[in-house]
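Throughout, residue positions are numbered sequentially from 1 according to the sequence presented. Excluded from the calculations below are hydrogen atoms, water molecules and symmetry mates; all remaining heavy atoms, backbone and side chain alike, are included. All ligand and atom numbering here is 1-based and tracks the order in the structure.
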Amino acid sequence: MTRSFITPTPREAVGALPSYAAGKPPVPAEGLTPYKLSSNESALGPVPAAAEAAAGVMTMHRYPNPGAEELRTALAAHLDVPFEDIVTGTGSLGALSQIIAAFAGTDSRGTADEVIFAWRSFEAYPIVVRTAGAKDIMVPVTEDGRHDLAGMVASVTERTKVILLCTPNNPTGPALTHTEVEQFIGRIPDHVVVVIDEAYHEFVRSDDPVDSLALYRRYPNVAVLRTFSKAHGLAALRVGYSIAQQSITEHLRKTAVPFGVSTVGEVAAIASLQHHDQVDERVGAIVEERQRVVAALSEAGWQIPQAQGNFVWLALGENAQDFAHAAGVEALAVRAFSGEGVRVTISEPEANDRFLQLCRTYSGSR
Ligand SMILES: *Cc1c(COP(=O)(O)O)cnc(C)c1O
(Lines give C-alpha, C1' and ligand atoms only; values in the text may rest on other atoms or scores of the structure.)
Protein backbone atom coordinates (compact mmCIF):
# COMPACT_ATOMS: atom_id res chain seq x y z
CA MET A 1 0.00 0.00 0.00
CA THR A 2 1.36 3.39 -0.88
CA ARG A 3 1.18 5.90 1.85
CA SER A 4 -0.03 9.32 0.84
CA PHE A 5 1.54 12.35 2.44
CA ILE A 6 0.15 15.74 3.16
CA THR A 7 3.11 17.98 2.38
CA PRO A 8 4.20 20.63 4.89
CA THR A 9 2.54 23.99 4.28
CA PRO A 10 4.72 27.10 4.30
CA ARG A 11 3.64 30.33 5.97
CA GLU A 12 0.93 32.09 4.00
CA ALA A 13 3.32 34.91 3.03
CA VAL A 14 5.83 32.42 1.66
CA GLY A 15 3.29 30.37 -0.29
CA ALA A 16 2.36 33.49 -2.26
CA LEU A 17 5.96 34.57 -2.97
CA PRO A 18 7.37 34.89 -6.47
CA SER A 19 10.68 33.04 -6.95
CA TYR A 20 13.80 35.07 -7.68
CA ALA A 21 14.54 34.57 -11.37
CA ALA A 22 18.29 34.77 -11.80
CA GLY A 23 19.75 35.86 -15.14
CA LYS A 24 20.26 32.87 -17.42
CA PRO A 25 23.51 31.87 -19.09
CA PRO A 26 23.73 32.29 -22.88
CA VAL A 27 23.02 29.39 -25.21
CA PRO A 28 25.99 28.83 -27.56
CA ALA A 29 25.47 29.45 -31.29
CA GLU A 30 27.67 28.33 -34.17
CA GLY A 31 30.63 30.67 -34.68
CA LEU A 32 29.62 33.16 -31.97
CA THR A 33 31.24 33.78 -28.59
CA PRO A 34 28.39 33.55 -26.08
CA TYR A 35 27.89 36.49 -23.69
CA LYS A 36 25.91 36.69 -20.47
CA LEU A 37 24.31 40.12 -20.33
CA SER A 38 21.57 39.10 -17.93
CA SER A 39 22.90 39.66 -14.41
CA ASN A 40 24.72 43.03 -14.44
CA GLU A 41 27.99 41.31 -13.59
CA SER A 42 31.34 42.91 -14.34
CA ALA A 43 32.55 41.70 -17.72
CA LEU A 44 36.08 42.75 -16.75
CA GLY A 45 36.24 40.67 -13.57
CA PRO A 46 37.97 41.48 -10.30
CA VAL A 47 41.34 43.21 -10.06
CA PRO A 48 44.13 40.58 -10.14
CA ALA A 49 45.17 41.26 -6.54
CA ALA A 50 41.65 40.42 -5.32
CA ALA A 51 41.58 37.11 -7.20
CA GLU A 52 45.05 36.27 -5.87
CA ALA A 53 44.08 37.11 -2.30
CA ALA A 54 41.01 34.86 -2.57
CA ALA A 55 43.05 32.01 -4.03
CA GLY A 56 45.65 32.33 -1.28
CA VAL A 57 43.32 31.65 1.65
CA MET A 58 44.75 28.71 3.61
CA THR A 59 42.44 28.80 6.61
CA MET A 60 39.30 27.28 5.17
CA HIS A 61 38.95 25.03 8.19
CA ARG A 62 38.51 28.09 10.42
CA TYR A 63 35.45 30.25 10.79
CA PRO A 64 35.88 33.72 9.36
CA ASN A 65 36.67 36.58 11.66
CA PRO A 66 33.38 37.52 13.36
CA GLY A 67 31.80 40.70 12.09
CA ALA A 68 34.32 40.94 9.23
CA GLU A 69 36.36 43.31 11.36
CA GLU A 70 39.31 43.60 9.00
CA LEU A 71 37.10 44.45 6.07
CA ARG A 72 35.16 46.96 8.16
CA THR A 73 38.43 48.55 9.27
CA ALA A 74 39.52 48.89 5.63
CA LEU A 75 36.10 50.26 4.60
CA ALA A 76 36.03 52.71 7.51
CA ALA A 77 39.36 54.15 6.36
CA HIS A 78 38.35 54.13 2.70
CA LEU A 79 35.00 55.85 3.27
CA ASP A 80 36.04 57.93 6.27
CA VAL A 81 33.23 56.64 8.47
CA PRO A 82 33.35 55.05 11.94
CA PHE A 83 33.95 51.31 11.99
CA GLU A 84 30.81 50.86 14.15
CA ASP A 85 28.62 52.35 11.42
CA ILE A 86 29.34 49.50 8.98
CA VAL A 87 27.59 46.12 9.05
CA THR A 88 28.62 43.52 6.50
CA GLY A 89 26.32 40.94 4.96
CA THR A 90 26.18 38.11 2.47
CA GLY A 91 26.00 40.47 -0.47
CA SER A 92 24.12 43.73 -0.08
CA LEU A 93 21.04 41.53 -0.27
CA GLY A 94 22.17 40.00 3.01
CA ALA A 95 22.64 43.51 4.39
CA LEU A 96 19.16 44.50 3.20
CA SER A 97 17.64 41.41 4.83
CA GLN A 98 19.17 42.50 8.15
CA ILE A 99 17.50 45.91 7.84
CA ILE A 100 14.09 44.52 6.94
CA ALA A 101 14.27 41.83 9.63
CA ALA A 102 15.18 44.47 12.22
CA PHE A 103 12.63 47.13 11.29
CA ALA A 104 9.65 45.57 9.47
CA GLY A 105 7.52 42.50 10.07
CA THR A 106 4.26 42.08 11.96
CA ASP A 107 3.32 43.63 15.27
CA SER A 108 2.10 41.70 18.33
CA ARG A 109 -1.46 41.74 16.98
CA GLY A 110 -0.35 40.27 13.67
CA THR A 111 -0.77 43.45 11.63
CA ALA A 112 1.78 43.76 8.85
CA ASP A 113 4.21 46.68 8.78
CA GLU A 114 4.60 48.42 5.44
CA VAL A 115 7.70 48.82 3.28
CA ILE A 116 7.51 51.23 0.34
CA PHE A 117 9.59 50.92 -2.80
CA ALA A 118 9.39 51.85 -6.47
CA TRP A 119 8.25 49.30 -9.01
CA ARG A 120 9.59 48.02 -11.24
CA SER A 121 12.77 47.91 -9.22
CA PHE A 122 15.07 45.20 -7.85
CA GLU A 123 13.08 41.99 -7.89
CA ALA A 124 14.51 40.80 -4.59
CA TYR A 125 12.69 43.59 -2.69
CA PRO A 126 9.21 42.00 -2.51
CA ILE A 127 10.77 38.65 -1.58
CA VAL A 128 12.78 40.04 1.34
CA VAL A 129 9.90 42.21 2.56
CA ARG A 130 7.19 39.55 2.39
CA THR A 131 9.42 36.87 3.90
CA ALA A 132 9.73 39.10 6.95
CA GLY A 133 5.93 39.19 7.18
CA ALA A 134 5.71 42.84 6.16
CA LYS A 135 3.58 44.24 3.36
CA ASP A 136 5.16 45.63 0.21
CA ILE A 137 3.78 48.92 -1.06
CA MET A 138 4.90 49.30 -4.65
CA VAL A 139 4.77 52.75 -6.21
CA PRO A 140 4.97 52.57 -10.02
CA VAL A 141 7.95 54.28 -11.63
CA THR A 142 7.23 57.13 -14.03
CA GLU A 143 7.06 56.71 -17.80
CA ASP A 144 10.81 57.38 -18.01
CA GLY A 145 11.71 54.78 -15.38
CA ARG A 146 12.22 57.18 -12.47
CA HIS A 147 11.08 56.89 -8.88
CA ASP A 148 7.81 58.75 -8.31
CA LEU A 149 9.07 60.35 -5.12
CA ALA A 150 5.92 62.41 -4.57
CA GLY A 151 3.87 59.23 -4.94
CA MET A 152 6.13 57.48 -2.45
CA VAL A 153 5.70 60.29 0.10
CA ALA A 154 1.92 60.08 -0.42
CA SER A 155 2.03 56.33 0.29
CA VAL A 156 3.42 56.75 3.81
CA THR A 157 1.00 55.61 6.52
CA GLU A 158 1.37 55.07 10.22
CA ARG A 159 2.36 51.47 9.43
CA THR A 160 5.29 52.46 7.21
CA LYS A 161 8.56 51.26 8.71
CA VAL A 162 11.05 51.26 5.85
CA ILE A 163 11.35 52.94 2.42
CA LEU A 164 13.75 51.60 -0.21
CA LEU A 165 15.29 53.93 -2.78
CA CYS A 166 17.22 52.22 -5.58
CA THR A 167 19.68 54.53 -7.33
CA PRO A 168 20.52 53.91 -10.11
CA ASN A 169 17.28 51.95 -10.38
CA ASN A 170 17.61 48.33 -11.43
CA PRO A 171 16.33 47.54 -14.05
CA THR A 172 15.20 50.88 -15.54
CA GLY A 173 18.49 52.78 -15.12
CA PRO A 174 17.92 56.39 -13.93
CA ALA A 175 19.74 57.72 -10.87
CA LEU A 176 18.19 59.97 -8.26
CA THR A 177 19.79 63.37 -7.61
CA HIS A 178 21.14 64.52 -4.27
CA THR A 179 18.69 67.42 -4.19
CA GLU A 180 15.62 65.26 -4.69
CA VAL A 181 16.72 62.62 -2.18
CA GLU A 182 17.42 65.20 0.50
CA GLN A 183 14.03 66.85 -0.10
CA PHE A 184 12.42 63.43 0.04
CA ILE A 185 14.03 62.55 3.37
CA GLY A 186 12.79 65.88 4.73
CA ARG A 187 9.22 64.79 4.03
CA ILE A 188 9.50 61.36 5.67
CA PRO A 189 8.80 60.86 9.41
CA ASP A 190 12.01 60.44 11.44
CA HIS A 191 11.12 56.97 12.67
CA VAL A 192 10.92 55.51 9.14
CA VAL A 193 14.19 53.99 7.91
CA VAL A 194 15.15 55.25 4.44
CA VAL A 195 17.44 52.77 2.68
CA ILE A 196 19.50 54.04 -0.26
CA ASP A 197 20.48 51.00 -2.33
CA GLU A 198 23.59 52.03 -4.24
CA ALA A 199 24.62 48.77 -5.86
CA TYR A 200 25.69 50.72 -8.96
CA HIS A 201 26.81 54.05 -7.49
CA GLU A 202 30.32 53.79 -8.97
CA PHE A 203 28.84 54.01 -12.48
CA VAL A 204 26.92 57.27 -11.94
CA ARG A 205 28.00 60.29 -13.98
CA SER A 206 25.67 63.10 -12.95
CA ASP A 207 25.83 66.81 -12.11
CA ASP A 208 24.10 66.20 -8.82
CA PRO A 209 25.02 62.67 -7.69
CA VAL A 210 23.56 61.43 -4.42
CA ASP A 211 26.10 61.97 -1.64
CA SER A 212 24.67 59.21 0.47
CA LEU A 213 27.41 59.39 3.08
CA ALA A 214 26.56 63.04 3.76
CA LEU A 215 22.90 62.01 4.11
CA TYR A 216 23.64 59.20 6.56
CA ARG A 217 25.82 61.53 8.65
CA ARG A 218 23.03 64.07 8.80
CA TYR A 219 19.95 61.84 9.19
CA PRO A 220 19.82 59.07 11.81
CA ASN A 221 17.12 57.25 9.81
CA VAL A 222 19.21 56.78 6.64
CA ALA A 223 20.98 53.50 5.77
CA VAL A 224 23.18 53.14 2.70
CA LEU A 225 23.65 49.79 0.94
CA ARG A 226 26.80 49.00 -1.04
CA THR A 227 28.20 45.86 -2.63
CA PHE A 228 31.36 44.30 -4.04
CA SER A 229 29.27 42.40 -6.60
CA LYS A 230 29.12 44.94 -9.42
CA ALA A 231 31.95 47.48 -9.85
CA HIS A 232 34.42 45.31 -7.93
CA GLY A 233 33.56 42.22 -9.97
CA LEU A 234 33.24 39.92 -6.94
CA ALA A 235 29.63 38.77 -7.29
CA ALA A 236 30.46 35.12 -6.61
CA LEU A 237 31.96 35.94 -3.21
CA ARG A 238 28.82 37.60 -1.80
CA VAL A 239 30.16 40.62 0.05
CA GLY A 240 28.02 43.66 0.78
CA TYR A 241 27.44 46.07 3.64
CA SER A 242 25.31 48.84 5.05
CA ILE A 243 26.38 52.16 6.51
CA ALA A 244 24.16 53.81 9.10
CA GLN A 245 24.37 55.48 12.48
CA GLN A 246 24.69 53.23 15.50
CA SER A 247 21.05 53.66 16.49
CA ILE A 248 20.38 51.51 13.41
CA THR A 249 23.48 49.30 13.21
CA GLU A 250 23.14 48.02 16.79
CA HIS A 251 19.94 46.26 15.66
CA LEU A 252 21.41 44.98 12.39
CA ARG A 253 24.13 43.14 14.28
CA LYS A 254 21.38 41.18 16.01
CA THR A 255 19.51 40.18 12.85
CA ALA A 256 22.67 39.41 10.85
CA VAL A 257 23.38 35.76 10.10
CA PRO A 258 26.64 35.06 11.96
CA PHE A 259 29.74 34.72 9.77
CA GLY A 260 27.83 36.06 6.77
CA VAL A 261 31.03 37.05 4.95
CA SER A 262 33.52 34.27 4.25
CA THR A 263 37.27 34.66 4.75
CA VAL A 264 37.71 34.35 1.00
CA GLY A 265 35.24 37.16 0.40
CA GLU A 266 36.76 39.34 3.08
CA VAL A 267 40.36 39.15 1.86
CA ALA A 268 39.33 39.67 -1.76
CA ALA A 269 37.24 42.71 -0.86
CA ILE A 270 40.11 44.22 1.14
CA ALA A 271 42.53 43.67 -1.76
CA SER A 272 40.06 45.26 -4.16
CA LEU A 273 39.82 48.34 -1.93
CA GLN A 274 43.62 48.53 -1.81
CA HIS A 275 43.67 48.63 -5.62
CA HIS A 276 40.81 51.02 -6.05
CA ASP A 277 42.55 52.82 -8.90
CA GLN A 278 42.25 49.63 -10.96
CA VAL A 279 38.60 49.24 -10.01
CA ASP A 280 38.00 52.84 -11.11
CA GLU A 281 39.67 52.11 -14.45
CA ARG A 282 37.36 49.15 -15.03
CA VAL A 283 34.33 51.24 -14.12
CA GLY A 284 35.55 53.99 -16.46
CA ALA A 285 35.81 51.52 -19.34
CA ILE A 286 32.25 50.28 -18.75
CA VAL A 287 30.90 53.83 -18.49
CA GLU A 288 32.56 54.67 -21.83
CA GLU A 289 30.98 51.63 -23.41
CA ARG A 290 27.63 52.57 -21.89
CA GLN A 291 27.85 56.03 -23.43
CA ARG A 292 28.71 54.52 -26.79
CA VAL A 293 25.78 52.07 -26.58
CA VAL A 294 23.31 54.75 -25.49
CA ALA A 295 24.38 57.04 -28.35
CA ALA A 296 24.09 54.22 -30.89
CA LEU A 297 20.66 53.20 -29.58
CA SER A 298 19.41 56.73 -29.89
CA GLU A 299 20.81 56.94 -33.42
CA ALA A 300 18.95 53.74 -34.26
CA GLY A 301 15.70 55.31 -33.06
CA TRP A 302 15.40 53.72 -29.62
CA GLN A 303 14.21 55.84 -26.75
CA ILE A 304 15.61 54.54 -23.51
CA PRO A 305 15.53 55.91 -19.96
CA GLN A 306 18.64 57.56 -18.54
CA ALA A 307 21.21 54.75 -18.06
CA GLN A 308 23.35 55.35 -14.96
CA GLY A 309 24.21 51.77 -14.05
CA ASN A 310 26.15 49.13 -15.99
CA PHE A 311 23.04 48.25 -18.01
CA VAL A 312 20.40 49.67 -20.34
CA TRP A 313 16.64 49.19 -20.31
CA LEU A 314 14.52 48.65 -23.39
CA ALA A 315 10.85 49.25 -22.56
CA LEU A 316 9.65 46.69 -25.08
CA GLY A 317 6.35 45.91 -23.36
CA GLU A 318 4.68 42.94 -25.02
CA ASN A 319 7.77 42.28 -27.12
CA ALA A 320 10.12 41.73 -24.19
CA GLN A 321 10.22 37.94 -24.50
CA ASP A 322 10.38 38.10 -28.28
CA PHE A 323 13.43 40.39 -28.14
CA ALA A 324 15.10 38.17 -25.53
CA HIS A 325 14.54 35.20 -27.81
CA ALA A 326 16.08 37.06 -30.77
CA ALA A 327 19.08 37.92 -28.58
CA GLY A 328 19.37 34.27 -27.57
CA VAL A 329 19.68 33.24 -31.20
CA GLU A 330 22.72 35.57 -31.32
CA ALA A 331 24.20 33.84 -28.23
CA LEU A 332 23.38 36.82 -26.01
CA ALA A 333 21.58 36.16 -22.73
CA VAL A 334 19.57 39.24 -21.70
CA ARG A 335 17.09 39.68 -18.89
CA ALA A 336 13.45 39.90 -19.98
CA PHE A 337 10.65 41.07 -17.69
CA SER A 338 7.53 39.75 -19.40
CA GLY A 339 5.22 42.46 -20.68
CA GLU A 340 7.55 45.20 -19.47
CA GLY A 341 10.99 45.28 -21.00
CA VAL A 342 14.48 43.89 -21.32
CA ARG A 343 17.56 44.75 -19.27
CA VAL A 344 20.92 44.35 -20.97
CA THR A 345 24.26 44.52 -19.15
CA ILE A 346 26.99 46.65 -20.70
CA SER A 347 29.81 44.24 -21.35
CA GLU A 348 32.80 43.66 -23.66
CA PRO A 349 32.78 45.80 -26.85
CA GLU A 350 32.13 42.73 -29.02
CA ALA A 351 29.06 41.80 -26.97
CA ASN A 352 27.79 45.39 -27.03
CA ASP A 353 28.30 45.56 -30.80
CA ARG A 354 26.30 42.40 -31.35
CA PHE A 355 23.54 43.73 -29.12
CA LEU A 356 23.49 47.03 -31.04
CA GLN A 357 23.33 45.21 -34.34
CA LEU A 358 20.31 43.30 -33.07
CA CYS A 359 18.66 46.57 -32.01
CA ARG A 360 19.26 48.07 -35.44
CA THR A 361 17.65 45.13 -37.23
CA TYR A 362 14.95 44.17 -34.71
CA SER A 363 11.65 44.32 -36.51
CA GLY A 364 9.22 44.09 -33.58
CA SER A 365 7.59 47.29 -32.37
CA ARG A 366 9.27 49.07 -29.48
C1 LIG B 1 22.92 43.52 -7.84
C2 LIG B 1 22.10 44.33 -6.90
C3 LIG B 1 22.30 44.23 -5.54
C4 LIG B 1 23.41 43.45 -4.98
O5 LIG B 1 23.35 42.25 -4.75
P6 LIG B 1 24.49 41.49 -3.93
O7 LIG B 1 23.66 40.76 -2.95
O8 LIG B 1 25.36 42.50 -3.27
O9 LIG B 1 25.18 40.68 -4.92
C10 LIG B 1 21.56 45.03 -4.69
N11 LIG B 1 20.68 45.90 -5.16
C12 LIG B 1 20.47 46.03 -6.46
C13 LIG B 1 19.52 47.05 -6.93
C14 LIG B 1 21.17 45.25 -7.37
O15 LIG B 1 20.93 45.36 -8.67
In residues 290-301, what donor-acceptor pairs under 3.5 Å come from side-chain atoms, sequence neighbours left out?
residue	atom	partner	partner atom	Å
Arg290	NE	Ala307	O	3.0
Arg290	NH1	Phe203	O	2.8
Arg290	NH1	Gln308	O	3.0
Arg290	NH1	Gly309	O	2.9
Arg290	NH2	Phe203	O	3.1
Arg292	NE	Glu289	OE1	3.4
Arg292	NE	Glu289	OE2	3.0
Arg292	NH1	Asp353	OD1	2.8
Arg292	NH2	Glu289	OE1	2.9
Arg292	NH2	Asp353	OD1	2.9

side-chain contact (heavy atoms from CB on, under 4.5 Å) test vs Val239 passes for just one of Leu234, Thr88, Leu71, namely Leu71

(message) Filter on salt bridge (Lys or Arg N to Asp or Glu O under 4.0 Å), then keep only pairs touching residues 213-240, sequence neighbours left out; what's left?
(response)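 Checked against salt bridge (Lys or Arg N to Asp or Glu O under 4.0 Å) - neighbours excluded - the pairs reaching residues 213-240 are Glu182-Arg218, Glu198-Arg226.
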
Amino acids contacting ligand 1, non-hydrogen cut-off under 4.0 Å: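 Lining ligand 1: Gly91, Ser92, Leu93, Phe122, Cys166, Asn170, Asp197, Ala199, Tyr200, Thr227, Ser229, Lys230, Arg238.
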
Pairs of donor and acceptor atoms involving the side chains of residues 312-319, under 3.5 Å and at least two apart or interchain, shall be tabulated with distances.
residue	atom	partner	partner atom	Å
Asn319	ND2	Ser365	O	2.8
Asn319	ND2	Ser365	OG	3.4

Next item on the list: With the side chain counted from C-beta on, respond yes when Asp107 and Arg159 share a heavy-atom pair under 4.5 Å apart, and no when they do not.
Entry: yes

| query | Just checking, Arg335 and Phe337: is the charged tip under 6.0 Å from the six-membered ring centre and within 45° of the axis? | reply |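 Yes, Arg335 and Phe337 form such a contact.
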
